Amino acid sequence: MTDSARPPRLRFAPSPTGYLHVGGARTALFNWLYARHNGGKFLLRIEDTDKLRSTDESTRAIFEGMEWLGLDWDEDVVYQGASLERHRADAMRMLDAGLAYRCFCTPEELEVRRKTAAAGHETFKYDRRCDRLLPDEVQERLDRSDAFVVRFRIPEGTTEWDDLVHERIAFPNKDLDDFVILRSNATPIYNLAVVSDDIAMGVTVVMRGDDHISNTPKQILLYRALGAELPTFAHLPMIHGMDGKKLSKRHGATAVGDYQHQGLLPTAMLNFLALLGWSPGGDREVMTVPEMIELFTPAGLQKKAAIFDPKKLEWMNGQHLSITPLAELEPYVTPAILAAGLADEATLAARREWYFDLLDLLRVRSRTIDDIVRQAGPYFLPHIDFDPEAVARNWKDPEAAADLLAKVSQTLASVDPWEPGPLETVLRGLAESLGIAAGKVFQPLRVALTGLTVSPGIFEVLVAMGRDLALARISDATDWLRRAADSK
RNA sequence: GCCCCCAUCGUCUAGUGGCCAAGGACUCCGCCCUUUCAAGGCGGCAACAGGGAUUCGAAUUCCCUUGGGGGCACCA
């Protein structure tokens with residue numbers, strides 16, 4: 001079996017220092033799509049090495065975000081903090097092999113040298129003074145228990161690789177600094193921990209944000225020093241806010257959870273994120289998750305940073321609201337309906353078919369789940385408020401409106417069966433007999449039934465509401481209108 | 001300052017030397033459909049950053065400039 005034929009192993013490795021950010025979610029998505037498309041494994045590693053900033057709450061938020069999006073991972077979650085011994089051992093291995101050296105310079109000393117270099121407009125680079133220490137001197141300081149870090153010695157030459165999205169990237173090693181791999185407290189620095197873990201986890205494709213490009217040559221050097229096979233690297237472009245700057249809190253919602261609570265569908269989020277930095281080619285845009293898996297190839301990956309456009313996300317959500325089968329959509333909507341106090345679970349279960357028909361009716365003119373809930377009120381509540389603007393526009397003369405609605409009510413009382421066809425026939429008939437345009441009947445009726453000027457087709461509304469509720473609603477409206485007429 | 005990456009409509013993008021007087025989508029604006037609003041259909045506005053070079057021919061290749069982004073820790 002050749003390398004390329006072996007099932008790839010990828011990982012998403014967030015540090016638990018906040019919520020799951022949309023940028024992180026997209027990185028996770030691309031890793032996941034690549035793994036799923038190629039029959040590989042998608043692993044999750046929590047990089048909790050920074051004890052000060054890492055929290056369990058953040059770890060939970062990452063799990064929740066991933067689960068909501070449906071980005072399931074294979075094998076057990078790996079916690080970087082658990083592999084401290086291996087990290088340390090790897091550092092020691094390089095030290096023993098002479099590929100790294102002990103450095104006794106203190107952070108304070110280094111800071112002074114850095115400042116001096118900056119003041120003289122020079123680029124600071126560690127001058128390797130500790131690498132020149134004689135064995136005796138090293139032993140002497142060790143005996144004195146002087147604190148030391150382990151530094152990796154950058155070899156001569158050039159470090160380059162074929163990036164899956166950028167093609168060839170090369171760094172002259174002279175521009176690389178002898179970086180620390182093990183702190184004086186014997187804990188590993190990021191680059192060591194990552195490489196050590198990726199080797200241990202058998203990661204074959206490292207796909208991450210392109211803010212890691214400058215870490216890559218250092219990591220490649222570590223792979224070599226540790227005698228490990230190199231993975232394939234893929235550096236994804238960043239996501240920016242509408243102002244072209246790196247996406248941050250200032251740009252509004254950036255946590256995946258925010259969108260969940262705004263009534264977005266995870267599939268829409270995934271679809272939108274996928275299109276930020278990737279294209280299946282051609283005109284393809286709206287895709288189901290299986291379609292994205294099918295179509296995903298690194299060839300469609302973009303090099304340029306993309307700007308997060310909430311407007312398009314909303315549109316995308318509307319598209320997914322339409323294409324998602326009702327049975328799959330319902331579990332996302334129902335909790336919102338329940339939370340809004342429109343109905344209880346038992347009621348919805350008892351009227352399942354009716355409920356699905358209603359959702360089908362409302363989702364057409366919705367872009368978020370919240371839009372559906374907002375429109376759903378009139379079909380559940382015994383009484384509603386009449387929107388002042390709708391009233392002003394369609395019930396200009398309260399007296400006349402009340403009379404009209406009374407006639408409508410009378411007409412509707414005997415319609416049989418209570419279906420769109422017959423309802424349309426009688427209502428149009430009524431308008432004709434009154435000598436007015438059909439719309440002059442429909443609009444006032446719409447306000448009476450929904451309290452709004454906007455709703456699905458009036459006959460659909462009547463059917464969805466049912467005769468009893470519809471007539472009660474019209475009765476409410478005429479009462480309201482008579483009171484309004486009297487108080488004039 | 002040094003290193004690296006990037007560059008097609010306002011935004012997401014198609015485009016891998018001729019099929020491009022640059023296509024699709026979002027946004028915005030018209031029109032159609034219509035009982036309202038959506039959805040849908042049709043149409044409009046709108047881009048190859050600039051300059052060289054290669055070539056019969058360049059959005060597509062190369063170089064420079066400009067502009068944007070990222071990185072330069074005993075953070076991840």
Side-chain angles (χ1 to χ4, degrees), chain A residues 13-15 17 47-50 52-54 80 103 105-107 110-111 114 117-118 120-125 147-151 163 165-166 169-172 174-177 179-185 187-191 193-194 209-217 235 237-238 240 242 244-246 272 275-286 299-300 302-309 311-316 318 322 362-367 371 375 390 393-394 424 427-428 431 437-443 445-447 450 452-459 461:
Chain A
S15 37
T17 54
E47 307 216 319
D48 54 352
T49 324
D50 185 347
L52 286 178
R53 295 192 301 151
S54 299
Q80 188 160 66
C103 171
C105 299
T106 66
L110 259 11
E111 190 50 36
R114 240 187 290 273
H121 296 292
E122 279 170 47
T123 306
F124 174 80
K125 219 177 134 201
F148 67 88
V149 299
V150 176
R151 269 185 201 278
D163 197 273
V165 351
H166 294 273
I169 299 181
F171 283 79
K174 67 173 172 54
D175 294 327
L176 269 25
D177 207 2
F179 59 102
V180 173
I181 53 177
L182 201 66
R183 296 188 186 87
S184 52
N185 66 1
T187 59
I189 276 311
Y190 173 74
N191 281 313
V194 166
D210 66 15
D211 49 341
H212 284 286
I213 286 181
S214 51
N215 280 323
T216 306
H235 289 93
M238 307 267 85
H240 291 166
M242 286 302 271
K245 299 268 164 55
K246 192 170 175 178
F272 173 73
L275 258 22
L276 240 43
W278 173 73
S279 164
D283 297 341
R284 212 57 198 287
E285 291 217 300
V286 179
Q302 196 77 16
K303 296 187 180 79
K304 190 182 62 163
I307 290 174
F308 190 93
D309 180 2
K311 278 275 182 46
K312 188 151 186 175
L313 207 209
E314 252 197 27
W315 167 81
M316 183 62 83
S322 296
L362 302 183
R363 65 169 165 175
V364 184
R365 65 218 87 218
S366 303
R367 286 201 155 187
D371 285 342
Q375 296 180 78
R393 199 129 38 102
N394 297 289
E424 175 157 15
L427 285 176
R428 284 192 189 280
K440 292 294 181 192
V441 173
F442 298 162
Q443 274 308 93
L445 174 58
R446 191 187 312 280
V447 176
T450 66
L452 304 167
T453 55
V454 171
S455 83
I458 197 72
F459 315 113
V461 171

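Because only heavy atoms are used, hydrogens play no part in the values below, and waters and symmetry mates are left out as well, while side chains stay in. Lettering follows sequence order; numbering is per chain, from 1. Bear in mind the structure is a predicted one, so any value in this text is a computation, not a measurement.
At G23(B), none of the side-chain N or O atoms of Arg284(A) fall inside 4.0 Å of OP1 or OP2 (strictly under the cut-off). Note on His166(A): a side-chain N or O is less than 4.0 Å away from OP1 or OP2 of C6(B). Contact annotation: Gln80(A) does not reach the phosphate of A76(B) (side-chain N/O to OP1 or OP2, under 4.0 Å). Using a 4.0 Å cut-off, some side-chain N or O of Arg114(A) falls inside it from OP1 or OP2 of A73(B). In this structure, Arg363(A) does not reach the C37(B) phosphate: none of its side-chain N or O atoms is under 4.0 Å from OP1 or OP2. Note on Ser214(A): every side-chain N or O is 4.0 Å or more away from OP1 and OP2 of C3(B). Taking side-chain N and O atoms only, Lys304(A) has a distance below 4.0 Å to OP1 or OP2 of U8(B).
At whole-Å resolution of the value, CE in Met242(A) and C1' in C28(B) are 13 Å apart. If you measure from atom NZ of Lys303(A) to atom P of C5(B), you get 11 Å, rounded to the nearest angstrom. What separates CD1 of Ile458(A) from P of A38(B) is a distance of 16 Å, to the nearest Å. In this structure, Glu122(A) places its CD atom 21 Å from P of C72(B), rounding to the nearest Å. With rounding to whole Å, Phe179(A) atom CZ is found 14 Å from C75(B) atom P. If you take NZ of Lys440(A) and C1' of U34(B), they are 16 Å apart, rounded to a whole angstrom. Summarising the geometry, the separation between CG on Asp177(A) and C1' on C75(B) is reported as 16 Å, rounded to the nearest angstrom. To the nearest angstrom, C1' of U13(B) lies 12 Å from CH2 of Trp315(A).
Candidate nucleotides G69(B), U11(B), C26(B) were compared by shortest atom distance to the side chain of Lys311(A), and C26(B) ranks first. For Pro172(A), taking side-chain heavy atoms from C-beta onward, the closest of the listed nucleotides C26(B), C4(B), A14(B) is C4(B). Comparing C4(B), C75(B), U36(B) by their nearest atom to the side chain of Ile213(A) picks out C4(B).
Remark: side-chain polar atoms of Ser15(A) are not paired, donor with acceptor, to backbone N or O of Thr17(A) under 3.5 angstrom. At least one donor-acceptor pair closer than 3.5 Å links the side chain of Ser366(A) to the backbone N or O of Leu362(A). In this structure a side-chain-to-backbone donor-acceptor pair under 3.5 Å is missing from His235(A) to His166(A).
If you check every strand for non-hydrogen atoms under 4.0 Å, Leu276(A) touches sugar and phosphate atoms only. Counting non-hydrogen atoms under 4.0 angstrom, His240(A) reaches the backbone sugars and phosphates but no base. In this structure, Val364(A) reaches the bases: a heavy-atom distance under 4.0 Å links it to at least one base atom across the strands shown. Looking at heavy-atom distances under 4.0 Å, Ala306(A) makes contact with sugar-phosphate atoms alone, never a base.
The nearest pair of heavy atoms linking Leu182(A) to Val180(A) is O-CG1, 3.4 Å.
Annotation: of the two residues near RNA chain B, Arg183(A) and Val165(A), the 5′-most nearest-nucleotide partner is Val165(A). Residue-to-nucleotide proximity on RNA chain B shows that, of Asp309(A) and Asn215(A), the 5′-proximal contact is made by Asp309(A).
On a pure distance criterion of 3.5 Å, a polar donor-acceptor pair joins the side chain of Lys312(A) and the base of A25(B). You won't find any donor-acceptor pair under 3.5 Å spanning the side chain of Arg428(A) and the base of U35(B), going by distance alone.
A7(B) is paired with U66(B) under the criterion used here, namely a Watson-Crick or G-U wobble arrangement in which both key atom distances are under 3.5 Å.
Counting heavy atoms of neighbouring residues, nucleotides and ligands inside a 6.0 Å radius, atom NZ of Lys125(A) exceeds 12 of them.
A salt bridge is absent between Glu314(A) and Lys311(A); no separation between the charged side-chain nitrogens and carboxylate oxygens falls under 4.0 Å.
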